[in-house]
Structures are given as C-alpha cells and as structure tokens.
Amino acid sequence: MRLYCGIDLHSNNAYLVIRGQDGGVVFRRRLPTDLGAILAALEPYRSELVGVAVESTFNWYWLVDGLVESGYRVHLANPAAMRQYSGLKHADDRSDAAWLAEMLRLGVLPEGYIYPREQRGLRDLMRRRTRLVQQRTALLLTLQNLVQRNTGQRRKGADLRAWDEDLPDRNVTLALSATQRVAMCLDQEIHGLELEVRRQLRPDPLYDLLQTVPGAGPILVPTIRLETGDIARFPSAGHYVSYCRNVGSRHTTNDKLKGQGNTKNGNRYLAWAWLEAAHFAIRYHAPIRSYYQRKQARSHRLVALKAVAHKLSRAGYYVMRDRVPFEMEKAFG
C-alpha cells in the first residue's frame, strides 16, 4: 500500500496526517516539534511511505534536514500556491495536514526549492548582512533627524558619523553619541561579514563571471549567486526572470484586463539585487543608458528601469547557465 504524509508545521507543534492510496486517513496525530517524536511516529510506515510533504514555514530547516538524513523523500510545499476551496466552513491543523497529503497523493503539490544544507548557511549570512545594513540606515536617519531638529542643519552620513559638536541639550548629545557608537559597530560587523562571504565564494567560477554583468559589483554578485543557487533548477530564462520578479503580471479575458496576479511571487532578494544592478548599469554604461532613455520616452520611468533589470537578469541567467562572460551586444545591441 502506498502512503502519503502531510505535516502542518508550527512553532511549537506539528500535525501529522498519513493517507493511503485510496485517500483514506491511516494515521493522524499532533506531535511536539521534536525530530525524534516525528521519526518515531513515521517509522511503522517507512517502507510504504512515498513521500512526506512539509509546509514551508519559517522553521522548516530542522525538520526537512532530519527527514532527509533519515532517508525519507521530502517535498517542501509552497503555502502561497496551495489554497483550499474558499467555501469551506471549517478548517484546522488536521484538515491542513490532510490537504498536504492529498495533494501529494494526487501529484499536484506545488513545491518549493530545498536549498542545499551545505550552502544555506552562507546564503543566510548574506541575508543577515542585508538586515544589518537596513538597521544601520535606520540609525543614520535617526542621527540626521536629531541634528536637523536641534540645529537646522541637514548633514550626510559621513558628517553624521564624525559629528562631535555638543548640542544645546546634554541629553540629546548623549542620544546622538550612543547612536553613533552603535552605527560604527554595525559598520565593523557588516564589513566583516562581507569579507567572509567573499572569501568563501571566491573559488566559485561564477563569482568572477557574474562581475562581468554591468552594475553587478562585490555586494550584488554574492547576493545574486547565493539566492539563485543551482541555475539548473530553472528550465528557461523566462522562469528565472519571473523568479526575480522582473516580469509583468496581467490577467485578461477577451483581450480585456481582468486583474493582476501575484506580483510578489518570487525571490525578493534577487528582485532587489537586479534592480540595484540596473541603477548602476544605467549610470555607468552608455549603451544601457541609451536603452533606458528610449524606454523612458515611451513609458514611465519605473517601467523603463524594470525593463533594464529584466534584461540584466535574463543575461545573468545565460552567464550562469553557459558559464560565459556578459556580452553587451547580445543584451543591448
């Protein structure tokens, strides 16, 4: 008998349902978020289990890694693409887990990518660097507001870091100094993370090839490389560009606009990286600037910017797939 398992994962428990090949429920139980308990519950059905579907929540790493190490075939379910019938009167963890198992049984489970465990930590390290940069920016804006509110002067980031003048209110001066010290600490941590990521990525041949793409520098290249992962998982350039959120989203009927789709479906880190690359490419590369200006003349500025990001991400796909340097003529000729 072929069995299919669905696990609805939460922060403090997991609901497990096993269905048979006829759709009937063979086993169901709420378990603690303990790998040993979950493996013990699955063990009697191991020989007949075709696969285990795990909902992609914020804490799936430990469970998926543990199941894979134990020899189970794991499917990471994409929760954004597996909505149940909206007319249901009742839904709970049991029905959610049963729905995961049912979609797995029918072969229609929308799956997410299980990033290799060996490289996942480095990718998350780069994401942490991004988060620290956002926190540093927030601190610098706070400094700017403090200075401008109390002196009427608008200063830039470098001036704010070096500000050593006393303000009329001693308490405000203390607040400014404390914020400066935290921002300087973040500067050091961000720089250290950047050095470590580059050190680990340098042996990768794609690291140097991606730097041939206009606008992609020492910060954007690690983000693009690590967020992309194995380029072979994308069957075409169109799939990769869509994953980077660089395609339009329209629903039409009878040639009339009916609505828009999920424009945020994809990787937000890649979307940011390719858009930043587009900004730099427009600024420093004349052929790309000319292309942008032609697009801008016929449409909105943001549409033209997104078109450049689309071109760059499509070129980046071929750079990574074919392991060749970027060619301006082919992309913007």
Side-chain angles (χ1 to χ4, degrees), residues 58 61 115-148 153-165 167 172-231 244-245 267-285 305 309 312-313 316 319-320 325-326:
F58 75 97
Y61 287 6
Y115 203 98
R117 186 178 184 178
E118 300 76 18
Q119 302 169 345
R120 195 189 303 148
L122 186 59
R123 181 199 65 176
D124 290 352
L125 185 64
M126 196 63 192
R127 288 182 177 182
R128 178 53 49 186
R129 179 257 171 206
T130 301
R131 182 62 178 159
L132 293 180
V133 169
Q134 292 170 349
Q135 293 174 352
R136 181 180 63 184
T137 302
L139 286 173
L140 291 176
L141 290 175
T142 300
L143 284 174
Q144 191 177 64
N145 290 339
L146 276 173
V147 172
Q148 190 168 5
Q153 303 175 31
R154 184 176 179 84
R155 297 297 183 94
K156 295 183 179 181
D159 296 333
L160 292 170
R161 285 183 173 87
W163 183 280
D164 58 357
E165 301 175 22
L167 297 174
V172 176
T173 301
L174 289 175
L176 190 145
S177 299
T179 307
Q180 280 179 319
R181 289 193 294 271
V182 176
M184 292 172 63
C185 178
L186 285 176
D187 285 338
Q188 296 174 2
E189 295 301 324
I190 290 167
H191 181 65
L193 293 182
E194 291 171 355
L195 291 178
E196 178 59 24
V197 169
R198 284 202 288 266
R199 184 190 68 79
Q200 294 190 42
L201 272 183
R202 200 169 297 279
D204 188 342
L206 294 181
Y207 179 76
D208 291 328
L209 286 173
L210 279 171
Q211 293 194 64
T212 65
V213 178
I219 299 301
L220 296 180
V221 165
T223 301
I224 293 169
R225 179 67 191 99
L226 293 170
E227 294 296 336
T228 299
D230 182 11
I231 194 65
C244 298
R245 300 184 183 179
N267 187 303
R268 63 190 178 100
Y269 298 97
L270 280 174
W272 166 81
W274 286 117
L275 203 61
E276 286 293 302
H279 278 291
F280 289 115
I282 292 167
R283 185 182 304 175
Y284 297 112
H285 297 270
L305 181 63
L312 291 177
S313 57
V319 167
M320 288 183 280
F326 175 85

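We count residues from 1, following the sequence as given.
More than 12 heavy atoms of other residues, nucleotides or ligands lie within 6.0 Å of CZ in R198, so this atom counts as buried by the packing criterion. Atom NE2 of H279 has more than 12 neighbouring heavy atoms from other residues, nucleotides or ligands inside a 6.0 Å radius.
Using a 4.5 Å heavy-atom threshold, the side chains of Q211 and D208 count as touching. Side-chain contact check for L160 versus T179: every heavy-atom pair is 4.5 Å or farther apart. Put simply, the side chain of L226 reaches to within 4.5 Å of the side chain of L201, judged on heavy atoms. Residues Y115 and D230 have side chains not in contact (no heavy-atom distance under 4.5 Å, counting atoms from C-beta outward). Put simply, the side chain of V197 does not reach to within 4.5 Å of the side chain of R129, judged on heavy atoms. By the 4.5 Å heavy-atom criterion applied to side chains, L125 and L122 are counted as neighbours. Side-chain contact between E194 and I219: present, with at least one pair of heavy atoms (C-beta onward) separated by less than 4.5 Å.
Residues forming a salt bridge (charged side-chain N to carboxylate O under 4.0 Å, His left out) with R161 (at least two apart in sequence, or on another chain): D187. Evaluation of the side chain to side chain donor-acceptor pair (under 3.5 Å) rule for Q200 yields E196 as partners, not counting sequence neighbours.
The side chain to side chain donor-acceptor pair (under 3.5 Å) pairs that include a residue from residues 217-227 are R127-E227, D204-R225, E227-N267, where partners are two or more places apart or lie in different chains.
The main-chain N or O of K156 is never found under 3.5 Å from a side-chain atom of Q144 such that the two would form a donor-acceptor pair.
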